[in-house]
2 protein chains.
Amino acid sequence: MGMNLAALVEVIVTARANNLNVSTHESMAQRAYRLIRADIISGARDPGERLRIEMLKTVYDIGPTPLREALQKLSTEGLVLALEKRGFMVSPLNLDEFSDLNIARIEIEKVALARSLALGDNQWESRVVAATYLMKKEDEALLASGAGVYDAWESANAEFHAAMIAACGSKWLLQMRDQLQDMCERYRRSSISQSNKKTVNGNRDVGEEHAAISDAVLSRNSELACQLTESHYMKTLSRLGGNPNLVGDLQP
Amino acid sequence: MGMNLAALVEVIVTARANNLNVSTHESMAQRAYRLIRADIISGARDPGERLRIEMLKTVYDIGPTPLREALQKLSTEGLVLALEKRGFMVSPLNLDEFSDLNIARIEIEKVALARSLALGDNQWESRVVAATYLMKKEDEALLASGAGVYDAWESANAEFHAAMIAACGSKWLLQMRDQLQDMCERYRRSSISQSNKKTVNGNRDVGEEHAAISDAVLSRNSELACQLTESHYMKTLSRLGGNPNLVGDLQP
DNA sequence: AAAATAGAGATTGTCGAGAAAATGAAATTT
DNA sequence: AAATTTCATTTTCTCGACAATCTCTATTTT
């Protein structure tokens with residue numbers, strides 16, 4: 001692939017702006033980062049678990065240098081804790097931090113949602129409609145099966161919420177939100193693996209919540225959309241044992 | 001310093017929660033991270049500048065492995081761009097991204113400010129009063145001197161704005177805000193070095209703006225405080241050539 | 001002259017080795 | 001017995017070396 005530097009920078013900056021992955025063949029460091037990150041978020045690695053280089057070398061078949069680079073990146077994100085002269089560990093979980101994360105996530109999501117509703121064009125509306133359609137199908141399938149959430153449901157859910165805020169006009173706002181989302185996801189997963197997976201959606205009709213959010217968004221009712229989204233996330237939070245008192249609306 | 005692992009993790013987690021630095025003797029990787037980060041934010045390293053390992057090795061007297069770890073961390077933050085098989089460079093600046101960053105920063109700051117006003121206690125009020133007092137002194141000194149901003153003014157300004165939002169109840173919200181702030185700072189610095197330093201505060205009476213913000217905060221007038229803070233930051237943005245249209249209030 | 005090619009030199013990304021520090025178990029002291 | 005010390009082992013962090021790849025100049029071709 002012959003390409004000069006300026007052109008490559010252009011490609012990378014543009015791709016990053018659209019949250020795309022441009023790599024032809026990833027480096028060992030990237031690979032390590034991707035794999036370890038996925039293992040931590042999915043709960044395959046327990047919170048508090050030591051991440052010893054020798055062990056990781058054996059498991060992922062990657063040398064110590066790229067492994068350390070990956071762990072440093074993850075420590076910047078907060079998924080990994082770097083202990084001076086004592087290596088790395090998966091960041092421990094605690095409920096106070098979960099509340100803290102959720103406050104940040106929900107507040108940022110609300111801001112992005114309000115902006116998105118104010119700025120979104122027809123293209124964006126079409127994406128919202130498409131995501132809503134898919135979400136409805138998956139919510140119905142989930143309700144019918146009575147089982148836990150599928151991967152298909154998960155990805156429809158992710159796209160549903162991403163679509164709503166996509167037109168907010170700041171990729172940094174979206175990136176902050178994504179990062180906080182991933183941190184929260186780890187709490188959700190570890191909570192699921194501890195309790196019964198079937199209770200994940202409790203007695204809620206998540207489909208109805210999604211439909212209400214979509215309606216509010218498409219009718220550009222910013223206040224209602226924010227309120228519904230907040231309570232949507234808060235229901236998940238309180239079911240997982242977080243402290244909802246710290247999150248809720250402040251002005252009565 | 002004899003200390004078992006559990007105790008150390010406790011110390012580190014607690015210290016991180018309060019944004020403290022607990023290191024007794026920093027590692028080469030930490031040192032590289034700190035120095036390179038400061039050089040990028042201060043503008044000592046130009047946007048778009050290649051960061052070659054050999055060069056960095058000579059300048060900072062640090063081996064290639066810790067240097068790469070530092071660069072990877074910085075690339076997670078967005079200050080450095082990692083180019084596949086072509087090393088690292090200081091992230092290029094562009095005005096669109098500056099607007100983007102400012103949207104995110106101002107929105108997050110407003111959210112944190114509203115929460116802080118709703119949740120802050122007497123202890124917090126006292127910090128606000130102290131920061132306001134110091135800020136007033138520094139603003140007066142700045143006005144009297146007629147010169148550019150001093151380090152003392154910079155740090156008073158940083159504490160002034162940090163104090164206002166300190167009681168928001170989410171360390172993550174504050175951390176996101178800090179990260180965006182540092183990114184914005186780099187734009188401000190590079191803009192200053194290009195133009196005349198004396199024009200930094202233009203015809204604005206920044207002292208008056210600060211006083212108005214402080215009054216609104218202490219009287220718990222959330223809406224006014226948010227509005228004043230937003231326009232305070234926007235004045236800086238538009239003077240630096242950003243696109244203020246993309247930032248402003250959305251609901252008329 | 002502009003574009004393509006080729007090859008010397010520089011740079012990245014990775015690995016293994018080794019010094020310095022932490023850990024844990026056994027021995028010693030209080 | 002509990003606390004301290006000792007010391008062998010493990011682990012981290014850092015460095016230099018090396019293969020793979022990129023870059024830049026000089027040369028050839030169109």
Side-chain angles (χ1 to χ4, degrees), chain A residues 1-12 21-36 45 48-76 80-91, chain B residues 1-12 21-36 45 48-76 80-91:
Chain A
M1 185 169 65
M3 189 185 265
N4 68 22
L5 183 65
L8 181 71
V9 171
E10 181 88 9
V11 167
I12 290 178
N21 190 354
V22 74
S23 73
T24 51
H25 192 61
E26 69 182 352
S27 69
M28 289 292 124
Q30 278 177 277
R31 183 181 167 77
Y33 172 76
R34 185 172 53 79
L35 294 174
I36 298 173
R45 298 218 167 273
E49 179 184 340
R50 296 289 296 275
L51 295 166
R52 294 208 174 76
I53 300 293
E54 275 304 316
M55 179 271 281
L56 299 174
K57 241 171 76 173
T58 318
V59 173
Y60 298 105
D61 196 32
I62 294 174
T65 311
L67 280 174
R68 288 186 58 85
E69 289 177 19
L71 293 171
Q72 292 282 9
K73 289 194 77 159
L74 291 165
S75 81
T76 307
V80 159
L81 203 56
L83 309 163
E84 195 145 317
K85 276 275 169 194
R86 261 163 267 209
F88 303 87
M89 68 161 52
V90 180
S91 290
Chain B
M1 184 170 65
M3 189 187 265
N4 68 21
L5 184 66
L8 181 73
V9 171
E10 181 87 11
V11 167
I12 290 179
N21 191 354
V22 73
S23 74
T24 50
H25 192 61
E26 70 182 350
S27 68
M28 288 293 121
Q30 278 177 275
R31 182 181 168 77
Y33 172 77
R34 184 172 53 79
L35 294 175
I36 298 173
R45 298 219 166 271
E49 180 184 338
R50 295 290 296 275
L51 296 166
R52 294 206 175 80
I53 300 294
E54 274 304 317
M55 180 270 283
L56 299 174
K57 241 172 76 174
T58 318
V59 173
Y60 298 106
D61 196 34
I62 294 175
T65 311
L67 279 174
R68 290 186 56 84
E69 289 177 22
L71 292 170
Q72 292 282 9
K73 288 194 78 161
L74 290 165
S75 81
T76 307
V80 159
L81 203 55
L83 308 163
E84 196 146 314
K85 274 275 168 195
R86 260 164 270 208
F88 303 87
M89 69 161 54
V90 180
S91 290

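This is a predicted model, so every value here is computed, not measured. Computed over heavy atoms, backbone and side chain alike; hydrogens, waters and symmetry mates excluded.
- Not counting sequence neighbours, the partners of B:E49 by the side chain to side chain contact (heavy atoms under 4.5 Å, CB included) test are B:R45, B:D46, B:M55, B:V90.
- Separating the CG atom in B:L35 from the CD atom in B:E26 is a distance of 7.0 Å, to the nearest 0.5 Å.
- In this structure, OH of B:Y60 is placed 17 Å from P of D:dT14, rounded to the nearest angstrom.
- The CZ-P distance, from A:R31 to C:dG13, rounds to 17 Å in whole Å.
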Check nucleotides 5-8 of chain D against the protein and report each pair of N or O atoms closer than 3.5 Å, with its distance, or say if there are none.
none

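- Annotation for A:I53 and A:L67: closest pair O-CD1, 3.9 Å, computed over non-hydrogen atoms.
- With sequence neighbours excluded, the residues forming a salt bridge (charged side-chain N to carboxylate O under 4.0 Å, His left out) with B:K57 are B:E54, listed by chain and number.
- Scanning both residues, B:M28 and B:I62, for their nearest heavy atoms gives O-CD1, 3.9 Å.
- For the pair A:Y33 OH and C:dG13 C1', the interatomic distance rounds to 19 Å; values are reported in whole Å.
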Chi angles and distances behind the side chain to side chain contact (heavy atoms under 4.5 Å, CB included) call for B:E84, A:Q30: CA-CA 10 Å; B:E84 196 146 314; A:Q30 278 177 277; 3.7 Å; yes
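- Taking atom NE2 of A:H25 as the reference point, atom C1' of D:dC22 lies 16 Å away to the nearest angstrom.
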Restricting to nitrogen or oxygen on both sides, can you table the protein-nucleotides 15-17 of chain C pairs closer than 3.5 Å?
residue, atom, partner, partner atom, Å
C:dC15, OP2, A:G63, N, 2.7
C:dC15, N4, A:T65, OG1, 3.1

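- Between A:A70 and A:Y33, the closest heavy-atom pair is CB-N, 3.4 Å.
- By the side-chain hydrogen bond (donor to acceptor under 3.5 Å, both in side chains) test, A:R52 is found to be paired with no residue, residues two or more places apart in sequence or in another chain being considered.
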Do any N or O atoms of the protein come closer than 3.5 Å to N or O atoms of nucleotides 6-11 of chain C, and which pairs are they?
none

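- Applying the 4.0 Å criterion to OP1 and OP2 of C:dT12, one finds that B:R68 has every side-chain N and O outside that range.
- In this structure, CG on B:D61 lies 8.5 Å from CZ on B:R31, to the nearest 0.5 angstrom.
- Computed from coordinates, the A:K85 NZ to D:dC13 P distance equals 6 Å when rounded to whole Å.
- Of all the heavy atoms in B:L71 and B:V80, the pair that sits closest is O-CG1, 4.0 Å.
- With sequence neighbours left out, the side chain to side chain contact (heavy atoms under 4.5 Å, CB included) criterion links A:A29 to A:S27, A:P66, A:E69, B:Q72.
- For the pair B:M89 CE and C:dT12 C1', the computed distance is 14 Å after rounding to whole Å.
- A straight line from CD of B:E84 to P of C:dT12 spans 14 Å, rounded to a whole angstrom.
- Computed from coordinates, the B:K73 NZ to D:dC13 P distance equals 12 Å when rounded to whole Å.
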